[in-house]
There are 2 protein chains.
Amino acid sequence: MTELEQYIKSYFGVVKQDELATIGSLFKSTTLHKGDYFLKTGQRCDKLSFIQSGLLRIFVSTENKEVTQWISTKGYFVTDISSLVFGGPSRWTIQTLTDATLYTINRTDYERIGELVPKWHELEKLFIVKCFTILEDRIFSHLSMTAEERYHFFFENNRELFNQVPLQYIASMLGMTPETFSRIRKKQIS
Amino acid sequence: MTELEQYIKSYFGVVKQDELATIGSLFKSTTLHKGDYFLKTGQRCDKLSFIQSGLLRIFVSTENKEVTQWISTKGYFVTDISSLVFGGPSRWTIQTLTDATLYTINRTDYERIGELVPKWHELEKLFIVKCFTILEDRIFSHLSMTAEERYHFFFENNRELFNQVPLQYIASMLGMTPETFSRIRKKQIS
DNA sequence: TTAACTTCTTGATATTTGTCAAGAGCATTG
DNA sequence: CAATGCTCTTGACAAATATCAAGAAGTTAA
């Protein structure tokens, strides 16, 4: 059983063995090297990947600066869901921060997975709702917290990330400059 | 055909007439008066409603202040999706800002709508992805824009809302104080 | 109509956060 | 090894935004 199948099983419990196997067979193992691009802004996103290992950074480059939207980790899916579902150009660029192993389904298979695995749409909905909730919480954090509070909140829930990726990316993701991040961090350590 | 059915049809095109009718029959027309609560923080959310008319405010009350997460309008769904899907307590309170007419499905029917209308999960996924994209954009706006830029961006896309609801709620939703909102607004007008 | 509310505005001031510039610490590479 | 990049830190200062306090304007209700 692949990690993806195990993950789905542990997360949803009741999924028929054959459905699980079909899902597993449609997602092919792929590897990326550190720095490889998973997707670039403007491209149509034609794949959905489950991260078995590695870290991917989702960001946008604007005129003068780069904004990191999120860093995706092991056990989560990565894609531009809007582009995948509606077919428009991707807003994000997605690049690996480390070597990575993914299970990837291409657009063709993605578009027929619902026929092959009737339960797929429901499972997918659950994944999306889970991520939706994370986004809601992030917005709430911007409406009601200071930079320092956002830092602490994120740090408590994602300690391990702090010694795996350049901190400037975490700073950007939390909506502050590297300098502010550094000063908050200094306070916390001492 | 109810507005909900029309909306689904216009949005997705190819939905079988009988499926559409089944969906329409499961969502019952309900009305709320201005100030009524649709949902309170801590309750399990047991319904999903489509807004035919009216405005609903989604907010959280913390110790010292109230944070408006969003204002839902005609043509959109309203619920606490996370609570509805996973059954946990709702994080939000949802209250009408005006009299409102909704099409509402209760939990029992919601849990079996997928059996009655096989295409439901897929349609629902599309709705959720659409909202997901809005949330992503909102987060991006907090990572890369000033309060003033957020104001303009929102104003351009939601002018009509500005003379329908107390502006303090819009201010909160955009992550600024009513005072800052007022000053930005003054600049814009003059 | 008056009184009581609510909402919005304005000014003065404080706090938070950003910007700019410089340098330190490390890792990578020729 | 020296040189070159990254990344992070620090300080001085500027800009954005929040807070507090007061009042104006409009709305609701007795």
Side-chain angles (χ1 to χ4, degrees), chain A residues 33-36 55 57 59 61-68 71 95-99 138-155 159 161-190, chain B residues 33-36 55 57 59 61-68 71 95-99 138-155 159 161-190:
Chain A
H33 290 292
K34 178 173 176 173
D36 285 351
L55 298 166
R57 182 170 72 106
F59 65 97
S61 294
T62 63
E63 329 76 76
N64 44 7
K65 62 180 172 182
E66 222 179 61
V67 176
T68 296
I71 293 167
Q95 186 182 22
T96 56
L97 289 172
T98 63
D99 287 352
R138 283 186 78 193
I139 288 176
F140 182 75
S141 79
H142 284 279
L143 302 186
S144 67
M145 297 181 190
T146 62
E148 192 162 344
E149 289 167 330
R150 288 200 300 281
Y151 174 97
H152 287 300
F153 190 77
F154 189 78
F155 180 77
R159 270 173 205 263
L161 209 57
F162 284 64
N163 35 38
Q164 292 183 357
V165 306
L167 299 178
Q168 54 182 315
Y169 297 148
I170 299 180
S172 174
M173 203 173 113
L174 294 176
M176 65 187 82
T177 60
E179 293 93 334
T180 296
F181 186 93
S182 174
R183 285 184 245 266
I184 290 171
R185 187 158 170 259
K186 188 182 174 188
K187 269 202 228 172
Q188 195 202 34
I189 293 168
S190 57
Chain B
H33 290 292
K34 179 174 174 170
D36 285 350
L55 297 166
R57 181 171 72 105
F59 64 97
S61 295
T62 62
E63 326 77 73
N64 42 6
K65 63 181 171 183
E66 223 179 60
V67 176
T68 296
I71 292 167
Q95 186 182 22
T96 57
L97 288 172
T98 63
D99 289 351
R138 284 187 76 194
I139 288 176
F140 182 74
S141 79
H142 283 280
L143 301 187
S144 67
M145 296 180 190
T146 62
E148 194 162 343
E149 290 168 330
R150 288 199 300 280
Y151 174 97
H152 288 300
F153 190 78
F154 189 78
F155 180 77
R159 270 172 205 265
L161 208 58
F162 283 66
N163 35 37
Q164 291 182 354
V165 306
L167 299 178
Q168 56 183 313
Y169 298 149
I170 299 180
S172 174
M173 205 172 111
L174 294 177
M176 65 187 83
T177 60
E179 293 94 334
T180 296
F181 185 93
S182 174
R183 285 184 247 265
I184 290 172
R185 187 160 170 260
K186 188 182 173 189
K187 268 200 229 172
Q188 194 200 35
I189 292 167
S190 56

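Lettering of chains follows the sequences in order, A, B, ..., and the numbering in each one begins at 1.
- Whole-Å rounding puts the A/E149 CD to C/dT16 P distance at 10 Å.
- Proximity of A/K186 to the phosphate of D/dT9: no side-chain N or O atom is located under 4.0 Å from OP1 or OP2.
- In this structure, OH of B/Y151 is placed 19 Å from C1' of D/dA18, rounded to the nearest angstrom.
- Residue B/F181 contributes atom CZ, which lies 14 Å from atom P of D/dT17 at whole-angstrom precision.
- Along DNA chain D, the nucleotide closest to B/A147 and the one closest to B/K34 are compared, and the more 5′ of them pairs with B/A147.
- With B/E148 as reference, B/K187 is the one residue of B/R183, B/K187, B/R185 to meet the salt bridge (charged side-chain N to carboxylate O under 4.0 Å, His left out) rule.
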Check the interface with nucleotides 6-8 of chain D: list each N/O to N/O pair with the protein under 3.5 Å, or write none.
residue : atom : partner : partner atom : Å
D/dT7   : OP2  : A/Q168  : NE2          : 2.9
D/dT7   : O5'  : A/Q168  : NE2          : 3.1
D/dC8   : OP1  : A/L167  : N            : 2.5
D/dC8   : OP2  : A/L167  : N            : 3.2
D/dC8   : OP2  : A/Q168  : N            : 3.1

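- At least one donor-acceptor pair closer than 3.5 Å links the side chain of B/Q95 to the backbone N or O of B/G35.
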Report, one line per pair, each donor and acceptor closer than 3.5 Å where one atom sits in a side chain of residues 165-177 of chain B; sequence neighbours left out.
residue : atom : partner : partner atom : Å
B/S172  : OG   : B/T68   : N            : 2.8
B/T177  : OG1  : B/T180  : N            : 3.2
B/T177  : OG1  : B/T180  : OG1          : 3.1

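- To the nearest angstrom, P of C/dC8 lies 11 Å from CZ of B/F162.
- Dense packing is recorded around CZ of B/F154, with more than 12 heavy atoms of other residues, nucleotides or ligands lying under 6.0 Å away.
- Contact detail for A/E149 and A/S144: the closest heavy-atom pair is OE1-O, 3.9 Å.
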Worksheet entry | Protein proximity profile, nucleotides 23-30 of chain C - base contact B, sugar-phosphate-only contact S, no contact -, cut-off 4.0 Å on heavy atoms | --------

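- A donor-acceptor contact shorter than 3.5 Å links the side chain of B/T96 to the backbone of B/D36.
- Checked against ring pair (Phe, Tyr, Trp, His ring centres under 6.0 Å), A/F162 has the following partners two or more places apart in sequence or in another chain: A/Y151, A/F155.
- Between the A/T98 side chain and the A/L55 main chain, a donor and an acceptor come within less than 3.5 Å of each other.
- Between the CE atom of A/M145 and the P atom of D/dA18 there is a distance of 16 Å, given to the nearest Å.
- One finds the NE2 atom of B/H142 at 9.0 Å from the CZ atom of A/R150 (value rounded to the nearest 0.5 Å).
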Quick test: give all pairs of protein nitrogen or oxygen and nucleotides 19-24 of chain D nitrogen or oxygen below 3.5 Å, distance rounded to 0.1 Å.
residue : atom : partner : partner atom : Å
D/dT19  : O4   : B/R183  : NH2          : 3.0
D/dC20  : N4   : B/E179  : OE2          : 3.2

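- Summarising the geometry, the separation between CG on A/L174 and P on C/dT16 is reported as 18 Å, rounded to the nearest angstrom.
- B/F59 carries B/R57 over the face of its six-membered ring, with the cationic atom under 6.0 Å from the centre and within 45° of the normal.
- Note: CD (B/E148) to P (D/dA15) measures 15 Å, nearest angstrom.
- C/dT10 atom P lies 14 Å from atom CD1 of B/I184, rounded to whole Å.
- In terms of heavy-atom proximity, A/K34 sits nearest to A/D99 at N-OD1, 2.8 Å.
- In this structure, the helix from C/dT1-D/dA30 to C/dG30-D/dC1 shows an angle of 40° between the axis at its start and the axis at its end, each fitted on 5 base pairs and rounded to 10°.
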